[in-house]
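What follows is a set of notes on a single structure, which appears directly below.
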Amino acid sequence: MSNKELRGATRRAFMQGAVAIGAALGWGPTRLMDFIERAGGFAHGDAAHPTQRLVVFVGQGGAHGYPQLLFPHPDSFADSVKNTTAVSGDRYTPTFAAHFLQSTGGGGDGTGLSAQVKNTVNYNTDPPKAPGKNLGSWAVGERFKYFYGVDNQAFRGYVAPNAASRTIDKKVYGLSGNNPIPTNVGADPTKNFIIAARETPWLDNYGITKAITTIDGGGITPFHINGSHNHFVNQDKQITVCAAAATIQSVIPSITPVILVGNLVGGDDGGDATNFYAQNRLPGSPTPATVPNALSMVDLFNSNAARAGGILSNPANAVLFEAYTKGLIGSSKTATLPTFTRGYTTGKLAANLVGLNLSEKLLPTDADRARYGVTGNFAPKAAELRDRMIVTAKALKLGLTAQVAMGYFNDDPHGLFLAGGVGGINAAGAAAIFGNLLNAFMDDLMSSPDPYYPNLKLGDNTVIAFVGDVPRTALNTSNWNDPTTGGQNRTWIMSNGMLKSGFFGGDRIVPGDGVVTNNHNDPGPGEGGLWDYDTGDLIPFPVDGSFTTSNDGTVAKRKAGNAAMAAVLAAVTRGDIRRVNDFYSGQAFHKAIVKAPII
Amino acid sequence: MSKKNCMSSRLPSGSATLFAMGLGALFAPAMGCGNAEVGAAPASASGEGTPISYEHAATTTRPSLNLSTYRYIPSGDGLSSSTGKVDNLDRDVDYGLALRTASIKLHGDLPTLTDIRRMQAAVKAGKNDSTENDPSFVYNDLVHTYIFGTKDGSGKYVTTPEFRRQMFNFWRNQMRMGGTLTALFQASMTDMRSVSLDTAPALAARLTVEETDMTNLFTQSSNTCPTFDPVSATFADGSCAAKTDTFPGNNVPEGQQAGVLTNPGFLAQYYSNFGFRRSRLIQEVFACSALPSEFAAKPKQIGEYLYSSPWDFDSVTNNTDGHKAVFDAVNLPRTARGGVVAKNTEFVNFRGDCQNCHGTQNHRAPLFGVFDQVGFRSPTNKLMVTSTATGSPFAQIQEYQWQCNPDPAKPVANAVCTGAISWKYGLPGIDFGGPAVPNFNAFGKQMAADDTTAKCMMIRLWNNAYSRDDVVDQLALVPDAVIDDLTAYFKSNKYNLKMAMYKMYTDANFIRF
Amino acid sequence: MQKSLLRFMGILALVGSNGCLPTYDPSAPQSNLPPAVATGPQQGGTDTSSAPTAVRPQNPADGVTVWDQSGDPNLVAQQLSNVGSLDVSARKHSCNKMKFDTLGRLLVSRGVDMKAGGTSILPVPAITDCSPLINATCAARADDRLSCLGNISQPAKFVYCDARLTLGLPQYSARLAEATGQSTASGTKLFDLFASAAPELVAGTLSGAGCMLAGKPAVLFNADNTCNEAGVTCLQGYPATDDQITLCSRVVAQAVATPAASVNLKVRNDDGSESITRTIAVSAITALETGKRLAVAAVLSAAHSCE
C-alpha cells in the first residue's frame with residue numbers, strides 16, 4: 001500500500017501522532033514530512049495493526065533474580081488448602097525465595113526503607129490490611145493471592161518421579177495411579193493461577209491483560225555479566241531480540257529507535273553495548289544509542305545550541321547542520337575506512353540528535369520521583385533505575401524512541417534474604433521498590449496515548465520483558481544461589497494480551513530437597529523442566545541432573561530461549577508470525593504461547 | 001543431593017580444545033571457582049580449616065589471548081611492515097591526517113596552522129632530499145619536535161610542556177588512576193588517611209620524558225613518588241616513604257622500593273580481598289593480557305580437571321588432603337579490622353579449575369598484600385588485605401599457599417615462607433614473611449626481565465597512537481607480527497620510550513590511511 | 001570509477017540543493033586523484049606502488065585462528081567482518097573519541113574563551129563548580145537560574161564544564177580510564193559543544209594561537225561570505241579540500257535567520273505551581289551570521305568526530 005492509499009481514520013490517526021511529535025519538538029512542516037517518510041511512509045502507520053514498543057529490563061550481574069519476587073513461579077503454591085496467610089503449604093515453605101514468606105531475618109521486613117520507599121511491608125508480623133482494585137482488598141495477615149484465569153500452568157502434563165512430590169500432586173489434583181497432572185490442552189483457565197504479591201505490578205490496576213507470561217529457556221553461565229544470556233532470538237547467529245525488534249519497529253517513526261542504557265555487555269562473550277545489541281548480526285537494524293545512565297539519556301535530547309539564542313534553535317538550521325555535518329564526514333578521507341565506521345555511525349546519529357532540546361521534558365522531577373514511590377538516593381542503584389524508568393516513560397510519550405533496554409542493579413544479591421539485604425535493600429524492600437517503580441511506570445504509559453498510534457494508550461502498546469544473565473533459583477533463599485533446577489534461564493514478558501498468560505516451564509520445590517549449591521554446573525534445587533511447543537505442558541528435565549551441562553540440555557535450553565525471544569517479537573508484532581520468522585528459525589511455538597490471532 | 005564441585009566430567013563440548021589454546025578463563029572460573037562445600041564440618045577455632053566459597057561476580061575479565069605464535073602473512077594484504085619508501089603520490093599516504101593525529105596524541109592539540117602550512121608546502125614540492133621540500137623530512141621533524149622538543153642554549157633537547165602533560169595523562173589512563181584517595185589506615189576502624197593517585201603515573205611519565213630505562217617502572221628503588229604540576233608541566237622528586245600526618249607513605253625504605261609496584265597510590269587504588277585485584281592489574285596493565293597468563297606446554301587432564309598452568313597441580317591451597325590451610329588460633333589468631341577475632345577456620349578452596357589462574361595469582365598477590373587500604377606496608381609485614389572468610393579477617397599466607405601453613409611446633413607470628421613469591425613459574429622464589437622489608441625489587445626485576453612487559457608498553461603505545469581501544473578490556477589486539485620489530489627496537493635502545501615513540505609515529509605505516 | 005562519479009554527483013546535488021537536505025548522507029570519501037591502477041597484492045619489501053591498500057580476502061582459517069586465540073567469538077567475528085583480519089586491522093588508524101582534555105585545549109587554541117575571571121579553567125577536574133561560567137543573563141538571579149539554563153543558550157566553556165562527564169572526563173575513582181569510543185551521548189554533546197563555540201569563533205576570527213600565520217589570524221570567511229581555505233584548514237587541523245570548502249560555503253548561504261525569542265523564566269512554588277519571574281528577550285540573528293556559525297559548527301563536528 002502506498003502512502004496515498006492510507007485513508008480515513010487510520011490516516012488521521014497516523015497524522016495526529018506525527019504532528020504531535022513534531023509539535024513537541026518544534027518542527028516545521030519540512031522536517032515533519034521527512035520524519036514521516038523516514039518512518040517508511042504512511043502505509044506502516046496502519047493503526048489497525050500497530051507495532052508495539054518494547055522496554056527490556058536487563059538484570060545485570062545476577063540481578064535478573066529480582067523479578068522472582070514480583071512474579072513467583074506458581075506451581076510451588078499448588079495447594080490443597082490455599083491458606084494465603086500461612087508461610088507454608090503442601091509444598092511451599094519460607095525456603096521459597098519470596099519475600100512475603102519471610103521473617104525479619106529472612107529479609108521480610110521492608111519497613112526500614114519506609115521514609116524513602118512507599119508501600120513497604122513488614123512480613124515478619126501479620127502484614128496489614130490494604131486496599132486493592134482488581135485483586136480485591138488485602139486482609140490483615142494476607143501474604144499473597146491466587147490469581148485465577150491465566151492461560152497456562154507450567155507443570156501440567158507432569159508426573160513427578162519424586163515420591164514426596166507425587167504425593168502432594170495426588171492430594172492437590174486428585175490424581176491416581178500414574179496419571180499426570182491434567183494437560184493445558186482443554187484445561188479450564190479458571191483453575192489456572194499465578195501468584196500475586198502485594199507488590200506484583202499491574203494486575204491490581206489493569207487486570208489480566210497485563211498478566212505476565214513467563215517462559216523458561218536460554219542458559220546461564222558461570223560468571224555474572226553486565227548483560228544477558230537469554231536475549232537471543234537466534235543464539236547460534238547471535239541475533240538479539242533488541243536488534244530484531246528494532247528492525248520490526250522501524251515502522252514506528254522515532255528520533256532514536258533504540259536506546260541502550262547502563263553499560264550493557266554482550267551476551268556470551270563480553271564486549272560493550274554494541275555487542276549486547278549485535279547490530280552487525282542483523283544488517284539493516286537501526287543503530288542504537290548507547291548511554292551509561294539516566295542523565296545521559298536526557299543528554300541525548302538536550303542541546304545547549306538548540307536553546308534560545310543557540311545556532312540550532314531554529315529547527316530549519318538544525319536540519320541544515322545535520323545534513324552538512326554528515327556531508328562533511330562523508331567527504332573525509334577516512335569515511336570509508338572500516339575502522340572508522342563505528343565512530344562515524346555514531347557521529348551521524350549525534351548530528352541528528354544535537355538539534356533537540358528536551359531536557360525540561362525529560363528530566364526526572366521530584367514530583368516524578370514521589371509518584372514512582374522511591375525518593376532520595378539512599379541506594380544509588382534504586383535511584384538510578386527509577387530515573388531511567390522515568391526518562392524512558394517520558395521519551396516514549398514524546399515518541400523519541402521505540403525501544404529502550406536498560407540494565408539495572410548489577411549487585412549479585414546473594415544476601416537478599418537476610419535482614420540487611422544487599423546494599424541496604426532486603427527482599428521485602430526490593431519488592432516494594434520494584435513494585436512501585438513498575439506500577440508507576442505503567443501508570444505513566446497508560447496516562448498517555450501512543451504518539452504514533454493515538455487510538456491506543458501507550459501502555460497498551462508497549463511490551464515489557466525481563467532478561468538477564470541468571471534468574472537465580474526461586475526454590476531456596478539460602479545464599480540465594482544462582483543455579484536453577486536445570487541451569488535454565490527465564491524470561492518474564494508483559495505482552496498486553498498478545499501471549500498466553502502464565503508460566504511455561506520452570507521449577508518447583510521438592511519436599512525434603514536440601515540442595516544448596518552455587519556451582520553453576522550443578523543442578524539447582526527442586527524439579528522442573530522446559531515446555532512443550534504445542535501444548536505448553538512440562539517437558540521434564542532428566543532426573544540425573546545431566547541437563548544442566550549436557551550438550552542435549554544446552555541445545556534444548558537454547559532453543560527454548562530463542563522461542564521465548566521470538567514470543568517477545570510475536571507480542572511486538574501482535575501475532576505476525578511471518579515477521580517473527582524473519583528472525584526466528586526454530587520450531588513453531590505459537591500454538592502453545594501466542595494468544596493473538598496469527599497473521 | 002551430594003555436591004559436585006568438579007568440571008571436566010561435564011565440560012562443554014570443545015572446551016578441552018579451548019583450554020589447550022589458552023582459553024582456560026572461559027571455563028575455569030566458569031565452573032564456580034571455589035564454591036561452597038555445603039555441609040562441611042562446622043568451623044572450629046583451630047586446626048585444619050574449612051573450605052568456603054569465593055565467588056567471582058560481575059566480572060568483566062577477558063580470557064587470555066596468548067597470541068605469541070600468531071603468524072603474519074604479508075602476501076595480499078598490501079601492508080608490509082617493512083614498507084619503507086614514502087611516495088607523496090601514494091594516495092594512501094596522507095601527511096596532513098598523520099600530522100593531525102600525531103599532534104593530538106603527542107601535543108594534546110591540533111597542529112598549528114603554521115605547521116600545517118609547512119607540511120602542505122613540502123607535500124606540494126614532493127622532493128626526497130631531506131630539505132623543507134621533502135614531506136618525509138618535514139613530517140619527521142615536526143614529530144621529533146613534538147616528542148623531543150627543541151634545543152636549548154646548550155644544544156640539549158628540552159621537551160615541551162604539552163608533551164609532558166600528554167605523557168602524564170597517557171599513563172593516568174593506562175593505570176586508571178588519578179587524584180587522591182582517602183581510606184582506612186592499617187587495622188583501624190576510624191583512622192582515615194590519604195594517598196595520592198598521581199605519583200605512579202607521574203613516575204611513568206617522568207621515566208618517559210627523561211628517556212630513562214622504562215624497566216625502572218618496576219625496579220627503581222628510590223625517588224619513586226615524583227609529583228607532576230599540570231600547570232607548569234614539571235616533575236618534582238618525591239619519595240614514596242615520605243610521610244605526613246595525613247599522607248602516611250608506603251613504609252618501604254628508600255633504596256628498597258620497586259617503582260610502581262610499591263607505589264602507595266597504585267596499591268590503594270587496587271585494594272581488594274587477598275590483594276588479587278592488585279596482582280591482576282599488574283598483569284593486565286603491564287603484561288597486557290588477562291588471567292590465566294601462564295601456560296604449560298601442554299594442558300593436562302588431572303582427575304576431572306583440565307589443567308593448563310605450569311605450576312604444579314595443587315601448588316595452592318585447596319580442599320584436598322595435604323593441601324588445606326591450617327590455622328593456629330592460639331598463637332596466630334585471625335583478626336579483623338578493629339582487632340575483632342574471627343573464630344572460624346574457613347579458607348577458600350582453590351579447586352583444580354581455579355588453579356589455572358590462581359596458580360599464578362597466589363604466587364604473586366601475597367607480596368602486595370602487606371599494604372593496607374592506603375598503600376602503607378604493615379610494619380610487621382602482616383597481610384593487610386582481607387580474606388573472604390566469615391568476619392572478613394585479614395588474610396594469612398596459608399590461605400594462598402598451604403606450604404606456608406604455620407608450624408605447630410614453632411609458632412612464629414610472621415614466619416618466613418621461603419620462596420613463596422615469583423612473577424612467573426620457574427623464576428627464583430622470593431621469601432614471604434619475616435620481619436625484614438620484603439624484597440619487592442626482586443619481583444620488579446623479574447618483571448623487567450620479561451619481554452612481555454616491554455611488548456606490553458609497545459602495545460599500549462601503539463593502541464594510543466592508532467586510536468584503538470584497550471588491549472585487555474576491549475581486546476584491541478596487536479599481533480606479534482605487528483609489534484615485534486618495535487619491541488626489539490625498544491629493547492635495543494635501553495627501553496627508551498621516546499625513541500620507540502618516534503619510530504612508531506614516523507613509520508611508513510603510520511602515515512597511511 | 002562509477003562510485004567516484006556518483007560521489008561527485010552527490011556533492012553536486014548537495015551543493016545545488018535548496019534545503020531538501022536531510023537525506024544526503026554520502027558514505028564515500030572524496031579524492032581528486034585519478035583512480036590508481038591496481039597492481040595486485042604486494043609481496044613485502046618496500047612499498048613502491050601507488051596501489052590502494054589491497055585487503056586480502058578472509059581466509060576462513062584465519063578467522064578460526066583468531067577466534068580460538070582471542071576467545072571472544074562475538075567480538076572477533078565482528079572485527080573480522082568489519083575491519084578485516086587482525087594483522088590488517090591492527091595496522092590501521094581507528095576512530096576514537098577526542099580526549100576531554102584535548103578538546104579543551106583545541107577550543108582554546110582556535111580562539112574560544114575558556115577562562116573564568118581571566119584565569120583558564122583548564123584542565124577541568126570532576127569537582128569543578130561550573131556556575132561562574134554561565135552567561136550574565138542567567139547569572140543575574142539565583143531563583144530562576146535553572147529555568148534560565150534550560151532555556152537560554154550558554155557559552156561553550158559552560159557546556160564543556162557542565163557536560164564533562166558525558167564528554168569523557170575519566171572516572172578514576174571507579175578505576176576506569178577515559179572511554180575510548182564515542183557513545184551517542186558523548187557524540188551529541190561534542191557536537192553541541194562545537195555548535196556552542198561557533199559564535200565565538202566567528203566573532204573572534206580564529207584568534208587562537210593555533211590559527212596564527214605570520215602573526216595574523218587565519219581568515220575564516222572571505223569578503224563574499226564564502227569560506228576561506230585557511231580558516232577551514234585551521235578548524236580541521238588538516239588541509240581542507242575544495243569539496244569541504246564548497247560545502248562550508250553552502251551552509252553559509254543556505255542557513256535561515258534565527259528569529260528573536262521571548263523566554264519566560266519560571267520558578268516552582270511550594271505548592272508545585274510555577275510563576276514567571278522575568279521575561280528575557282533574545283535577539284534575532286541574521287541568516288548570514290547564523291550561516292557562518294553553522295558552517296563552523298559543522299566543520300568542527302565532522303572533522304573531530306574522531307581524534
Rounded distance (nearest 0.5 Å) linking atom [atom1] of [X] with atom [atom2] of [Y]:
| X | Y | atom1 | atom2 | answer |
| --- | --- | --- | --- | --- |
| A:Asn293 | C:Thr166 | CG | OG1 | 7.5 Å |
| C:Phe158 | A:Asn304 | CZ | CG | 8.0 Å |
| C:Lys189 | A:Leu300 | NZ | CG | 9.5 Å |
| C:Tyr238 | A:Lys333 | OH | NZ | 11.0 Å |
| A:Thr290 | C:Gln182 | OG1 | CD | 9.5 Å |

For this session: Return yes if some donor-acceptor pair links the side-chain N/O of C:Ser94 with the main-chain N/O of A:Thr339 below 3.5 Å, else return no.
Result: yes
Exercise. Between A:Arg307 (side chain) and C:Gln154 (backbone), is there a donor-acceptor pair under 3.5 Å?
Worked result: no
Minimum-distance pair of heavy atoms, taken over all atoms of [X] and [Y]:
| X | Y | result |
| --- | --- | --- |
| A:Ile311 | C:Ala198 | CD1-CB, 4.3 Å |
| C:Cys306 | A:Tyr344 | SG-CE2, 3.7 Å |
| A:Ala305 | C:Asp192 | N-OD1, 2.8 Å |
| C:Lys92 | A:Pro338 | NZ-CD, 4.3 Å |
| C:Ala195 | A:Leu312 | CB-CD1, 4.3 Å |
| A:Ala308 | C:Val263 | CB-CG2, 3.6 Å |

Exercise. Can C:Asp243 and A:Ser331 be counted as having a side-chain donor-acceptor contact under 3.5 angstrom?
Worked result: no
Exercise. Chain A: which of C:Cys248, C:Gly150, C:Pro199 shares the most heavy-atom pairs with it under 4.5 Å?
Worked result: C:Gly150
Exercise. Looking at C:Ala261, C:Gly181, C:Ala297, which one has more heavy-atom pairs under 4.5 Å with chain A than the rest?
Worked result: C:Ala297
Problem set entry | Residues A:Tyr324, C:Leu294; criterion side-chain contact (heavy atoms from CB on, under 4.5 Å); working and verdict | CA-CA 9 Å; A:Tyr324 275 100; C:Leu294 276 179; over 6 Å; no
Need one label for [X]: side chain, backbone, both or neither, based on atoms under 4.5 Å from any heavy atom in chain A.
| X | result |
| --- | --- |
| C:Asn96 | side chain |
| C:Val251 | both |
| C:Val256 | both |
| C:Leu300 | neither |

Exercise. Should A:Leu328 and C:Val299 count as side-chain neighbours, where that means a heavy-atom distance under 4.5 Å?
Worked result: yes
Exercise. Within a strict 4.5 Å, meaning less than it, do heavy atoms of the C:Ser305 and A:Phe340 side chains meet?
Worked result: no
Problem set entry | Which atoms of A:Pro292 approach chain C - backbone, side chain, both or neither, heavy atom under 4.5 Å | neither
For this session: Please state whether the side chain, the backbone, both or neither of A:Ser303 comes within less than 4.5 Å of a heavy atom of chain C.
Result: both
Exercise. If you count the non-hydrogen atoms of other residues, nucleotides and ligands that lie under 6.0 Å from CG in C:Asn264, is the total more than 12?
Worked result: yes
Exercise. Looking at A:Ala351, A:Ala350, A:Ala289, which has the largest count of heavy-atom pairs under 4.5 Å with chain C?
Worked result: A:Ala350
Problem set entry | Among A:Val291, A:Asn314, A:Thr346, A:Asn317, residue most engaged with chain C (heavy-atom pairs, under 4.5 Å) | A:Asn317
Problem set entry | Within residues 280-287 of chain C, residues adjacent to chain A where the heavy-atom gap is under 4.5 Å | C:Val282, C:Ile285
